[in-house]
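Structure, as structure tokens:
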Amino acid sequence: VPNHRVVTHYRAVEEFDGASPCNDTRWVQKWQSWQSSRPLRRTSLSLGSGFWHATGRHSSRRLLRAIPRHVAQILQADVLWQMGHTGSGVKVAVFDTGLSEKHPHFKNVKERTNWTNEKTLDDGLGHGTFVAGVIASMRECQGFAPDSELHIFRVFTNNQVSYTSWFLDAFNYAILKKIDVLNLSIGGPDFMDHPFVDKVWELTANKVIMVSAIGNDGPLYGTLNNPADQMDVIGVGGIDFEDNIARFSSRGMTTWELPGGYGRVKPDIVTYGSGVRGSGLKEGCRSLSGTSVASPVVAGAVTLLASTVLNRELVNPASMKQALIASARRLPGVNMFEQGHGKLDLLRAYQILNSYKPQASLSPSYIDLTECPYMWPYCSQPIYYGGMPTIVNVTILNGMGVTGRIVDKPIWQPYLPQNGDYVDVAVSYSPVLWPWAGYLAVSISVAKKAASWEGIAQGHVMVTVASPAENDSAIGGEMTSTVKLPVKVKIVPTPPRSKRILWDQYHNLRYPPGYFPRDNLRMKNDPLDWNGDHIHTNFRDMYQHLRSMGYFVEVLGAPITCFDASQYGTLLMVDSEEEYFPEEITKLRRDIDNGLSLIIFSDWYNTSVMRKVKFYDENTRQWWMPDTGGANVPALNDLISVWGMAFSDGLYEGDFTMADHDMYYASGCSIARFPEDGIVIAQTLKDQGLEVLKQETAVVENVPVLGLYQTPSEGGGRIALYGDSNCIDDSHRQKDCFWLLDALLQYTSYSMAPPSLTHSKNRVVPPTGTDRPLPQRLEGNHLYRYSKVLEAHLGDPKPRPLPACPHLSWAKPQPLNETAPSNLWKHQKLLSVDMDKVVLPNVRPYRPQVRPLSPGESGAWDIPGGIMPGRYNQEVGQTIPMFAFLGAMVVLSFFVVQLTKAKSKPKRRKPRVKRPLYLQQQQPQTPHSGKNPTV
């Protein structure tokens, strides 16, 4: 197994005013620096001060965050401390940069181990010390669990470097030491580092609760880091002290499942990660920001919570995650791929965990395609007959055991009074739930009888999970748990063909596993194309724009042979890296002859530049060479050659104006061939290929960048080509060109050629392409290793046999003639949880006023009224004394009455039976004795 090098970039500097701007791009670069080390794998997830603030709201009040309160107290850990819970008996591991031996903040460091090639156990950077302090510091900036047993694993050098093999060795030792909670404030994009991923599964299978940072690559979507994106790990995102999602916090969805499926909801939970105070390198406290900070907040909370449970057998990676997500407080106006289940609520989690019975649950716990913004992107587009099935990837959490299975098959039960029979549902699921979790993929389509109907349809999916009963002496004893997944969708009549766009996901490839380079070569610090190239990840803004313009956008996760082209106006192919099956090329030509239109946004492709941007991996002693350019231009040329079109291997960059819009061409290619009766627009650009290869600057005039063509067959479709996708890609977009996409769609869908382009002064004669050869595939490339189309062959790789199109097996409905629930978002109740049994002491919760409230704004710490029935009332500390006082007055008046009676009838004895009632009423007022409630 290749031993991957991990290069980290610690930007964990102390908070101070006047921080440098966070997006300060340096344009002065040396192209040779590509030939360095492997691109970053797993990095530290903390940030400099420039990143602390969240998305924009009330930024003028930022300095008020500096009230020096400790995060453990803000989350009310002191309530549990007063009950006698301080983390004792729980082993917590910190995988980071080490810890000095005599740091004054820690009293229970059980063991420090070093897994690096440096001969020291001490922290030379301060990152590991800070993380350990948030979890377990005992003084100054207090951690959550000061009495927990700290195990320090030094897995990063002072040069911020680590290797997968160091992690594997350290993970094995953590299993040996029976660690309970493990914090990983690290992450990287490589979810296909199989030895690492498998070892994380092994850890959680051994009941190690893994808590990991979701990443600092926000606000871009599709930026989740591994291992936080794994089902068995608690993935943590960051918020600021005003309850805004931190700008830096990575967003979902997971991209493992692309192109055929759909991503899971991550992060699982969010908590404070901006301007949090923790232990300094040698002593004292400092403030840091990043999901690196949010992760130990949750790890510390988990350690504290584990110490409150009397029966530790009930605490496992699934039950802990169930308690955290069921108790989390949803943030208003934020979608599930930003906040997961919401903000950590420590006391509510304590109540749930201490009345917990082993069971299965779902994440998300319901599907409501009408609920915005939380259920974005599902809520952003209604469903209709003939559309691609909507896939919701639900995670099954199994608190009953490390292994489980789904009994029989999930059952689809439509509500007939709520038109549930207008919906078809297909369900696929993990054959085995291991470790502690599995998937439930729900595909939703509209029945033919609803082709012209509009309305809401409801039903639910019933799933029964079984797990071996660990302590059951009976042979074959099993525990079972049945969960219900409510489903609610909005159906509209099928839109006209001209309004329907099909996005080609199947031909987009990304890292991991192959080296697919960035589409903008200027972005040297982010050389990999790793965000999934999906309409809900790094093309989210484009998707939102198309929806606002009235278009319906669907995703093709299968070959071109697998869709009915008569349903769609335009096929949109952007930044395609994959090859094409011969059958796909034939079908697309036939579809366009019959009226389908095609828009292609290409990208750079130049074999000399590809060789230039290779790099040497010191670890595997191998050179890494890109398998394509920004796009696979030779494959695209095969696709469009029948119309006399082709892209070149020129590489261009520069600012220009088109139709009175400012544009920026970022590492794009040009059009090499185009039909003579087509429309071609050219611009003056810089030759970026020359700059990369020879560090020389040259300006090229009349570079053809845009082409429009009406195919000659009767009723035939239209084709539009553009040489650069960066202007619609969120990853490194500098100037958007959504106006151009609108103009091209007007042309392809409605045959309306925009006059601003047809009569442009930049219109040129279409190039014939006879002056230079078309780009060829890089000799010896390894694209076949990652391609769904190619397979290895003696000589050149050859196409595989065309795969069968996906076929869904629709569930047989079991209709219910009853009314569906109106509000699916009730608080995510776990079964058999009676929180009234779990009493909290009479402590007035600490409620910091971080900033003054604006008129009409609810307090950031208050629960939205009427939204979440059954939530723990954070004002409980104020209501208990009032009830206790009233109770005392009732009892006192009773005694006065009895005393009066005793004077008038001296022979009667004063009753004593009410004494226990008096104690009972006073009981909530007395501090908890420290005993744990029985479960």
Side-chain angles (χ1 to χ4, degrees), residues 22-23 45-59 61-62 65 71 74-75 185 187 211-225 228-229 234-254 263-276 288-298 324-325 328-345 363-364 371-377 379-380 531 536-538 540-541 544 730 850-851 854 857-864 867-868:
C22 57
N23 292 323
L45 296 173
S46 56
L47 292 166
S49 56
F51 286 85
W52 84 266
H53 56 277
T55 46
R57 198 155 67 105
H58 301 293
S59 58
R61 302 187 191 275
R62 258 187 300 164
R65 72 186 163 78
V71 69
I74 292 171
L75 288 167
S185 286
V211 183
S212 187
I214 207 71
N216 290 338
D217 298 292
L220 186 66
Y221 280 67
T223 50
L224 302 174
N225 281 221
D229 61 353
I234 298 169
V236 185
I239 58 175
D240 65 14
F241 286 114
E242 297 173 12
D243 282 7
N244 299 306
I245 299 293
R247 180 177 174 79
F248 55 72
S249 188
S250 286
R251 272 69 166 170
M253 59 187 181
T254 60
R264 288 169 283 113
V265 174
K266 281 279 181 170
D268 294 302
I269 196 168
V270 293
T271 193
Y272 302 118
S274 291
V276 171
L288 287 183
S289 294
T291 52
S292 220
V293 177
S295 179
V297 169
V298 171
L324 291 177
I325 66 178
R329 178 163 71 78
R330 186 180 293 183
L331 302 175
V334 179
N335 72 53
M336 60 187 180
F337 289 130
E338 292 183 307
Q339 67 167 316
H341 294 269
K343 171 188 165 186
L344 172 67
D345 187 332
S363 166
E371 184 191 3
C372 265
Y374 183 73
M375 281 275 168
W376 187 93
C379 64
S380 63
N531 304 129
H536 299 151
T537 60
N538 53 308
R540 175 179 186 264
D541 288 355
Q544 295 282 72
D730 302 346
V850 178
R851 59 179 171 82
S854 303
E857 182 186 2
S858 66
W861 299 87
D862 291 324
I863 289 158
I867 296 180
M868 193 179 284

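All of these numbers come straight from a predicted model, not from anything done at the bench. The chain is numbered in sequence order, starting from 1.
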Minimum-distance pair of heavy atoms, taken over all atoms of [X] and [Y]:
X    : Y    : answer
F248 : S289 : CE2-CB, 4.3 Å
Y374 : G340 : OH-O, 2.7 Å
N531 : T537 : O-OG1, 2.9 Å
G238 : A294 : CA-CB, 4.1 Å
A213 : S185 : CB-CA, 4.3 Å

Exercise for the section: Tell me, please, which residues at least two apart from E338 pass side-chain hydrogen bond (donor to acceptor under 3.5 Å, both in side chains). Expected result: Y221, R251
Problem - Non-neighbouring partners of Q544 that pass side-chain hydrogen bond (donor to acceptor under 3.5 Å, both in side chains), sequence neighbours left out - result: W376
Report the distance from atom [atom1] of [X] to atom [atom2] of [Y], rounding to the nearest 0.5 Å.
X    : Y    : atom1 : atom2 : result
S274 : R247 : OG    : CZ    : 12.5 Å
H341 : R330 : NE2   : CZ    : 9.0 Å
S295 : I269 : OG    : CD1   : 11.5 Å
D345 : R329 : CG    : CZ    : 7.5 Å
N216 : S292 : CG    : OG    : 7.0 Å

Measure from the side-chain N and O atoms of [X] to the backbone N and O of [Y], and report whether any donor-acceptor pair falls under 3.5 Å.
X    : Y    : value
D268 : G235 : yes
T254 : G263 : no
K343 : L331 : no
N335 : P373 : no
S249 : G237 : no

Are [X] and [Y] packed together at the side-chain level, in the sense that at least one heavy-atom pair is separated by less than 4.5 angstrom?
X    : Y    : value
V236 : I214 : no
T271 : L75  : yes
Y272 : D243 : yes

Exercise for the section: Could you point out which residue of T223, L220, T291 forms a side-chain contact (heavy atoms from CB on, under 4.5 Å) with S250? Expected result: T223
